[in-house]
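Please read the structure below before turning to the comments.
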Amino acid sequence: MRTAETLSELVSSALAAAQESGSLPPSGDAAVNIEKPQLAEHGDFSTSLPLRLARAMRMSPMKIGEMIAEAIPDNDLLKRVWVAAPGFINLELSDDFLRGQVATILSAGEEFGNVDTGAGQRVQVEFVSVNPTGPLHVGHTRGAVIGSGLANLLEAAGYEVQREYYVNDAGNQMQVFNDTLYARVMQAAGHDEPLPDPAYPGEYLVDLAERLYARHGDALLSRPKAEVIAALAPAALESTLELIRDDLDELGVRYDRWFSEKSLIEDGQFDRAIKFLEARGYLADREGARWFLSTRLGEEKDNVLIRSDKGGPTYFGTDFAYHYDKFLVREFDRVINVWGADHHGHVGRMKAVARALGREPDDLVVIINQIVSFKEGDRAVRFSKRKGVILTVRELLDEVGADACRYIFLSRSPDSQMEFDLDLARRQSADNPVYYVQYAHARIRSIQREAARRDLDYAAGDVSNLRHPMEMELIKTIIRLPDIVHHAATRLEPHHLPHYAYDLAKSLQRFYEECRVVSNDPGDLPVSQARLLLVDAARVALARTLVIMGMTIPERM
RNA sequence: GCGCCCGUAGCUCAGUGGAUAGAGCAUCUGGCUUCGAACCAGAGGGUCGGGGGUUCGAAUCCCUCCGGGCGUGCCA
C-alpha cells in the first residue's frame with residue numbers, strides 16, 4: 001500500500017542485482033531513501049542513492065545511477081526511470097498503475113491509509129492530565145489536540161493504543177482545592193469563612209459550593225471541617241471531572257481510561273514500587289526523607305520520593321509509582337506522555353525512572369508542547385489558574401469551534417511557540433484552511449448527490465477512461481496517505497496530517513475545475529462513471545484523514 | 001549561571017542532509033448560462049537571526065554569538 005516503500009524495495013533489489021552481476025562494487029549497508037521531488041520534471045519520486053554510494057564505490061554518481069536504473073526489472077509500476085545530474089534517480093509512476101489504485105483504495109474503504117508500522121506494539125498515550133480543580137483553560141487545548149491526534153495516528157499506523165488521563169486526585173493541589181471548597185461552602189451558608197492561603201479563588205468553586213450546599217443543607221456544616229470535606233470531596237471531584245470530560249468530549253477527545261493517582265496509594269502500588277527501588281539499591285534515606293538515587297543513573301540530582309515533613313509521597317513519588325505501573329504491571333512496549341513546556345524539567349528524572357525500571361530510556365517518550373500565547377489584536381490575553389480562569393476551553397470552543405481548534409493546533413509542530421490570535425481566528429474563520437478542507441468533502445458529497453439524482457450508476461465504471469492529467473495528479477495525491485501516516489507515526493508528528501489534508505483538498509479542487517464529473521452529454525457516460533469512482537476514492541482518503549485528525553466530516557456546509 | 005525549545009515572506013506557520021526554500025492570511029490582476037465561487041488561475045514579497053565549520057551537497061548536523069520562551073522546589 002505504501003508506494004514509497006514499494007519503490008524503495010524495487011531500487012534496493014536493483015542495487016543488489018547490479019552488485020551481484022558485478023556492474024557495481026559492494027557498498028555496505030545503504031538505506032534507500034525515496035523522496036518526493038519538489039519539481040514535477042524530476043518525476044513523482046526520486047532517490048539520491050547514487051550520490052550516497054559514490055564515495056564507498058569510488059565511482060561517479062551518474063554512472064552508479066545508470067547501473068542501478070538498468071538493473072530495475074520490468075514492472076507495471078513505473079512509466080519512466082532516468083538519471084539526472086548530479087546523481088539522482090528519478091521515477092515516474094505509470095498511468096495504469098495509478099488508475100488501478102482507484103479500485104485498491106475503494107476496496108480498502110475505511111481501512112485506507114492504515115499501515116503496519118506499529119506491528120501491534122502496545123503503546124500508551126497519556127495527555128492533558130490536568131489537576132481536577134476546575135474547568136480546563138485554553139492553555140490545555142494544545143496538549144489535548146496533540147495527544148488525541150497522535151493516538152489516532154498511531155492507531156492508524158498499526159499500534160495498539162491506549163489513551164489515558166492521569167487524575168491527580170491526591171496531593172497538595174487537591175488539599176488546596178478541598179480547603180477552598182470548604183470555605184466556599186461555608187460562605188454559601190452565610191458563614192464568615194475566609195479563603196485559605198493558598199486557595200483557588202476562581203468562580204468555579206463558588207458555583208460548585210453553592211450546588212453542594214443546596215444538596216446537603218446546614219446539617220453537615222455543623223460538623224468538624226475534616227468531616228465536611230470528607231463528605232463533600234468525592235462529589236466535588238466527580239463533578240469537576242465531569243466538567244473536564246464534557247469539554248474534552250466537545251473537543252473530540254476520548255479516553256480509554258481515567259487513572260486515579262490516589263489508587264496508587266490505596267492499592268499498595270506505591271509501596272511495591274518503592275520496594276522495587278530499594279531492592280535494586282536506588283533508594284536512600286537522608287535528611288528525614290526517602291530519595292531516589294537518580295545520580296546513579298546519570299542525573300545531576302537525586303529526587304525526593306517521600307517527604308520529610310508530612311511523610312507522604314511527592315508528585316515525583318507518585319509519578320514514579322505510576323510509571324512502575326505502566327511499565328512493569330501493564331507492560332506497555334512504549335509510553336508516551338504529552339506535557340506542557342512547564343514540565344520539561346521533569347523529563348530527565350522520569351527517563352532515569354525508566355532506566356531504574358529496567359527499560360530503555362527511549363521506551364518513555366515525552367512530547368513537550370511549547371506554551372501558546374493568546375492575544376486579541378494587539379492585546380495579550382493572560383490566564384492563570386491560581387488567579388482565576390480568564391479563558392476556558394469551553395469559551396474557546398464557543399468562539400472558534402472544535403474543528404478549527406483541532407486543525408490549528410494540530411497543524412503546528414509541538415516545538416513551535418505558537419501565537420493564537422483570537423481576533424484572527426474569528427475574523428478569518430471563513431477563510432480558514434480547515435473549512436477549505438471540509439468544503440472539499442462537502443463538494444464531493446454534492447457531486448455524488450447530483451449523480452444519484454440522475455440515477456447515474458457508476459459501480460461498474462471503467463477506470464481506463466481516466467486520461468486527464470488532473471485525474472492522475474489527484475490519484476498521486478490520494479495514494480500519498482499511507483506514506484504520510486507511516487512517516488508521521490514514525491516521527492510521532494501528527495502535524496503532517498493537516499498539511500496533507502490541505503494538499504488533497506487542493507488537488508481535488510484543481511481536478512474539479514478542469515474535469516466535469518457528472519456530464520450532461522450522454523456520450524460522456526463512461527468518463528463520468530470513471531470520474532465518479534475517482535471522486536469516491538478521494539472522498540475515502542479525505543474522510544480518513546479527517547477522522548484521524550479527530551475532525552467532523554461534513555456532508556454539506 | 002546552567003539545561004531544554006524556538007528564530008524561515010508583512011502576519012501565522014510547514015519544510016525527511018539533496019535539485020530553483022513552500023502554504024495560508026494580507027495586497028494586486030483575471031475567471032461563474034452546466035456537477036457547490038467556502039472555488040480556480042496568476043503576480044509581487046526571502047541575507048532561512050549573525051558568523052564559522054563538517055559535507056559532493058546545509059534552513060536541516062556541529063561550534064559560537066545575538067534575540068525570545070520555559071525550566072532549574074521535599075509545587076504539581
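The sequence lines fix the lettering, A, B, ..., with proteins before strands; numbering per chain opens at 1. Heavy-atom basis, side chains included; hydrogens, waters and symmetry copies ignored.
Contact annotation: Lys301(A) reaches the phosphate of G73(B) (side-chain N/O to OP1 or OP2, under 4.0 Å). OP1 and OP2 of C39(B) both lie 4.0 Å or more from every side-chain N or O belonging to Lys506(A).
A straight line from CZ of Arg491(A) to P of U16(B) spans 6 Å, rounded to a whole angstrom. Counting to the nearest Å, the C1' atom of A38(B) and the CD atom of Glu513(A) are 14 Å from each other. For the pair Tyr322(A) OH and A76(B) C1', the interatomic distance rounds to 15 Å; values are reported in whole Å.
Residues passing the salt bridge (charged side-chain N to carboxylate O under 4.0 Å, His left out) test with Arg454(A) are Glu450(A), sequence neighbours excluded.
Aromatic stacking of Tyr436(A) on A38(B): not satisfied for centres closer than 5.5 Å together with planes under 30 degrees. For Tyr512(A) and C35(B), the ring-to-base geometry satisfies the stacking test (centroid distance below 5.5 Å, interplanar angle below 30°).
Base-pair partner of G46(B): not found among the strands shown (Watson-Crick or G-U wobble, both distances under 3.5 Å).
When distances run from any side-chain atom of His344(A) to the nucleotides C70(B), A76(B), C74(B), the shortest one goes to C70(B). Listed candidates were A14(B), U16(B), C40(B). Nearest to the side chain of His487(A) is U16(B).
Across all strands shown, Glu287(A) has heavy atoms under 4.0 Å from base atoms, whether or not it also approaches the sugar-phosphate.
In this structure, Leu546(A) and Thr552(A) approach most closely via the heavy-atom pair CD1-O, 4.1 Å. When all heavy atoms of Tyr435(A) and Val400(A) are compared, the closest pair comes out as OH-O, 4.0 Å.
Between the side chain of Gln417(A) and the base of G68(B), a donor-acceptor pair under 3.5 Å is found. Between the base of A14(B) and the side chain of Ser413(A) there is no donor-acceptor pair shorter than 3.5 Å. If you check distances only, the side chain of Ser308(A) does reach the base of C74(B) with a donor-acceptor pair under 3.5 Å.
Taking the six-membered ring for Trp, Tyr324(A) and Phe270(A) have ring centres at least 6.0 Å apart.
Residues from residues 4-12 of chain A lying near RNA chain B, meaning a heavy-atom separation below 4.0 Å, are absent.
The aromatic rings of His137(A) and His140(A) lie tilted to each other, with the angle between the two planes from 30° to 60°.
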* Asked: Which nucleotides of nucleotides 56-61 of chain B have their base under 4.0 Å from a protein heavy atom (B), which only their sugar-phosphate (S), and which neither (-), written as one string 5' to 3'?
  -> B-----
